[in-house]
Amino acid sequence: MRIITLRSSYKTLSVAEVQSMPNVSIREKYNGRQAMGNIFKIWVLALSITYLVCIFHQPLLSASELSEEEQVSLVKEATVKIYTVYNSPDYSNPWRMLEMNSGGGSGAVIENNRILTCAHVVSDQTFIQVQRYGRVKRFNARVVSVSHEVDLAILTVDEEEFFSDIIPLKVGELPKTQQEVLVYGYPAGGDTLSITQGILSRVEHQSYVHSRYSFLAGQIDAAINPGNSGGPVLMDGQIVGVAMMTYDPDALENTGYMVPPSIIKHFLKDIEDGKHDGIPRIGVLFQIMENPDIKRKYKMPQSRTGVLIYSVLPNSPAKGILENDDVLLSINGHLIADNGTVEFRPMERTRFAYYLEILQMGEIINVEYLRKGKIHTASFKLNRRSEAFSLVPEEQYDRLPRYFIYGGIVFSPLTKNLINSVGEEYEYVSEDLLVEYYYNWPSEKRKEVVVAIQVLAHDINVGYHDLYCWIVKEVNGKEIQDFNEFYSLVNDFSGTYMTFKDKDGWQIVIDHKKAQESHEIILQNYHIPKDRFLGMGKTLQTQE
């Protein structure tokens, strides 16, 4: 039974007793007090809910909604210093690691307790710690996902204490050229946060130093130094770029580059399913058509522009659709100019690959092309990224090199890492032989280059001890397509003499039975724990 208290007499009455009172005015007075009490309770409840909503909603506020002073304070809190210990493989001796080193960089806290930074800040890492602005304590961190091709990575800290009171930064839109931006980070030479100001001077495709692949990048004139890498570039309190590289100051002063929002957003969307697929490519080689004669030869209408395809690479998703001597006119309705550029913003142009970079792996692309004077359209699914179209892979990270030892000879696929590891005494080998393959494209016959890195001297391989970075073309008379095929041909061999040949016909001949008998002795003599590594070698911390 509900109870109503009469203030004037402090007598407690039931609802039924109030309703039975003979005096109507008194009864109405009681009823009115009851109604007012209910309204007051509802009002208090509403205020409480509003207060709670404000409290819990606060971390979702954007820094751009605050004053300039508040923005600076919140961005400082969200900018962290990263300490990294890393250990890279020795590609000349692929069974061992190089000396351990340490480095660092910067990062920014974004939604869902994540830290956005550059991939090169944490590549080949074995231990990571992060530190907040103005704090002493360092927290252990781990890599959630990494994209070495666009030089971006996501870290997290399992201790929720680290993220307390931080308002995550949001990723904004690409500024207009000549707009001012701020670069936050922890450059070398000090431990405190550095804030530099500059302008976005231009936006175009650049070769990313970390991966050597070309993507859209923003050029800024704010100072970017070692340690700034991974730090946020901000405008109105939102991330409009990630500082990633700078030019040699002797060549260009105060010129740095940032990963733009379109690449950042692509990466974040890509990893929503827990894995990194990368940025798709179509796998065709093309040349510009600014010369009027080449346009006339391929019957290009005067009103149209495009680029001439001269090779469709193996594994290309366009294979069987586009052909050599086709003229690519447009991608998803965006016209390609004769110099291979497209308009991505009014009066701003960049390479037509831009309209591939904004698509996710598995999406459908629509192309318009000219073949023998007639315009055609086609659609196909994008399912390959840049490394699928390289004969010699660009520098690799977070993985161990593949190798196989047979007859004391160390074989491995040719990679940019291996080229980089070649010592000065073998510089002529690098320049004249290895780099020649580095600049070639894969074909149906050869999709990977196999190298005899070195020879571990033993009776079984006398006469070949001076071989270094020798390119293998054939195994027992069969041209090899890649390292996997090479390994199968050697591992499954049951004949008498194993024969390797280079492109000139020079050969290495090894007695197969003797090679088997001496195998363990060679490994013991050179303190080699394993005679092979055939996997991709990705570390557990990454999900590329």
Side-chain angles (χ1 to χ4, degrees), residues 85-101 103 120 123-126 148 210-212 387 390-440 448-458 460-473 475 480 482-484 486-487 490 500 502-503 506 508 510 515 518-519 521-539:
V85 177
Y86 61 93
N87 193 201
S88 302
D90 181 354
Y91 275 75
S92 293
N93 301 281
W95 55 87
R96 70 184 186 192
M97 307 295 285
L98 297 171
E99 291 184 4
M100 198 170 295
N101 285 288
H120 74 261
S123 60
D124 292 332
Q125 56 81 25
T126 58
H148 290 293
H210 185 60
S211 68
R212 303 295 176 183
E387 64 182 25
S390 300
L391 179 63
V392 178
E394 294 290 352
E395 196 158 357
Q396 302 174 53
Y397 309 91
D398 298 327
R399 61 179 63 177
L400 300 173
R402 292 178 291 160
Y403 72 94
F404 175 53
I405 300 175
Y406 173 84
I409 305 173
V410 184
F411 297 96
S412 182
L414 180 60
T415 62
K416 187 63 161 50
N417 304 69
L418 180 57
I419 294 175
N420 292 342
S421 73
V422 174
E424 291 184 1
E425 66 271 29
Y426 298 104
E427 186 174 356
Y428 71 95
V429 176
S430 171
E431 292 294 324
D432 295 343
L433 297 177
L434 304 187
V435 175
E436 175 186 345
Y437 289 95
Y438 172 70
Y439 287 109
N440 284 342
E448 203 168 29
V449 179
V450 177
V451 182
I453 302 176
Q454 60 173 295
V455 178
L456 307 171
H458 186 270
I460 187 68
N461 49 48
V462 169
Y464 311 128
H465 293 174
D466 293 334
L467 283 182
Y468 188 84
C469 289
W470 183 73
I471 306 295
V472 182
K473 182 182 180 182
V475 175
I480 52 175
D482 55 28
F483 185 71
N484 288 340
F486 167 84
Y487 171 75
V490 176
F500 307 99
D502 66 10
K503 64 178 182 178
W506 198 90
I508 296 175
I510 300 289
S518 62
H519 187 68
I521 296 173
I522 293 173
L523 295 181
Q524 291 174 13
N525 288 347
Y526 291 90
H527 308 288
I528 299 175
K530 291 180 63 177
D531 69 341
R532 71 196 71 185
F533 181 77
L534 308 175
M536 293 303 293
K538 297 174 185 175
T539 59

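Position 1 is the first residue of the sequence, and the numbers go up from there.
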message: Please report the interatomic distance OH(Tyr397) to NE2(His120), rounded to the nearest 0.5 Å.
response: 9.5 Å
- prompt: Is it the case that His458 and Asn525 place a side-chain donor and acceptor less than 3.5 Å from each other?
  reply: no
- prompt: Okay, side chain of Asp124, backbone of Asp398: is any donor-acceptor separation there less than 3.5 Å?
  reply: yes
task: Begin from the C-alpha positions of Ile471 and Leu434 and carry the test side-chain contact (heavy atoms from CB on, under 4.5 Å) through to its verdict.
output: CA-CA 8 Å; Ile471 306 295; Leu434 304 187; 3.8 Å; yes
task: For the residue pair Tyr91 and Ile453, establish whether any side-chain heavy-atom pair is separated by less than 4.5 Å.
output: no
query: Parallel, tilted or perpendicular for Phe500 and Phe411, by the 30°/60° rule?
result: tilted
query: Between atom NE2 of His519 and atom CD of Gln524, what is the distance when rounded to the nearest 0.5 Å?
result: 10.5 Å
field: Audit row: Val422, Tyr468, side-chain contact (heavy atoms from CB on, under 4.5 Å) steps and yes/no
entry: CA-CA 10 Å; Val422 174; Tyr468 188 84; 4.1 Å; yes
- request: Just jot down the salt bridge (Lys or Arg N to Asp or Glu O under 4.0 Å) partners of Arg212, sequence neighbours excluded, or say none.
  value: none
- prompt: Under 4.5 Å between any side-chain heavy atoms of Leu534 and Phe483, yes or no?
  reply: yes
task: Quick one: closest heavy-atom pair of Ile510 and Tyr406, and the distance?
output: CG2-CE2, 3.9 Å
- request: Look at the aromatic rings of Tyr464 and Trp506 and report parallel, tilted or perpendicular, splitting at 30° and 60°.
  value: perpendicular
- prompt: If you round to the nearest 0.5 Å, how far is CD1 of Ile409 from CZ of Phe404?
  reply: 11.0 Å
- request: Begin from the C-alpha positions of Glu448 and Tyr437 and carry the test side-chain hydrogen bond (donor to acceptor under 3.5 Å, both in side chains) through to its verdict.
  value: CA-CA 10 Å; Glu448 203 168 29; Tyr437 289 95; over 6 Å; no
task: Decide yes or no on side-chain contact (heavy atoms from CB on, under 4.5 Å) for Ile508 and Leu467, but give the supporting numbers first.
output: CA-CA 10 Å; Ile508 296 175; Leu467 283 182; 3.1 Å; yes
message: Check whether Asn101 reaches the backbone of Val85 with its side chain - one donor and one acceptor, N or O, closer than 3.5 Å.
response: no
message: When you compare the side chain of Leu456 with that of Ile528, does any pair of heavy atoms fall below 4.5 Å?
response: yes
- prompt: What is the minimum heavy-atom distance between Lys503 and Lys473, and which atoms define it?
  reply: CA-CD, 3.7 Å
query: Out of curiosity, Ser88 OG to Arg399 CZ, how far, rounded to the nearest 0.5 Å?
result: 13.5 Å
message: Could you tell me if the side chain of Val410 sits less than 4.5 Å from the side chain of Trp95, heavy atoms only?
response: yes
- prompt: Is any side-chain heavy atom of Glu387 closer than 4.5 Å to a side-chain heavy atom of Glu394?
  reply: no
- prompt: Can you name the closest pair of heavy atoms from Leu98 and Asn87 and give their distance?
  reply: O-ND2, 2.7 Å
query: With a 4.5 Å heavy-atom cut-off, do Thr415 and Pro401 have their side chains touching?
result: no
- line: To the nearest 0.5 Å, atom NZ of Lys416 lies from atom OG of Ser211 at 11.5 Å
Gap between atom CG of Leu414 and atom CD1 of Ile419 - 0.5 Å precision: 4.5 Å
field: Candidates Gln396, Met97, Arg96 - the one meeting side chain to side chain contact (heavy atoms under 4.5 Å, CB included) with Pro89
entry: Met97
query: Taking it one step at a time, do Arg402 and Tyr487 satisfy side-chain hydrogen bond (donor to acceptor under 3.5 Å, both in side chains)?
result: CA-CA 11 Å; Arg402 292 178 291 160; Tyr487 171 75; over 6 Å; no
- prompt: With a 4.5 Å heavy-atom cut-off, do Ile460 and Ile522 have their side chains touching?
  reply: yes
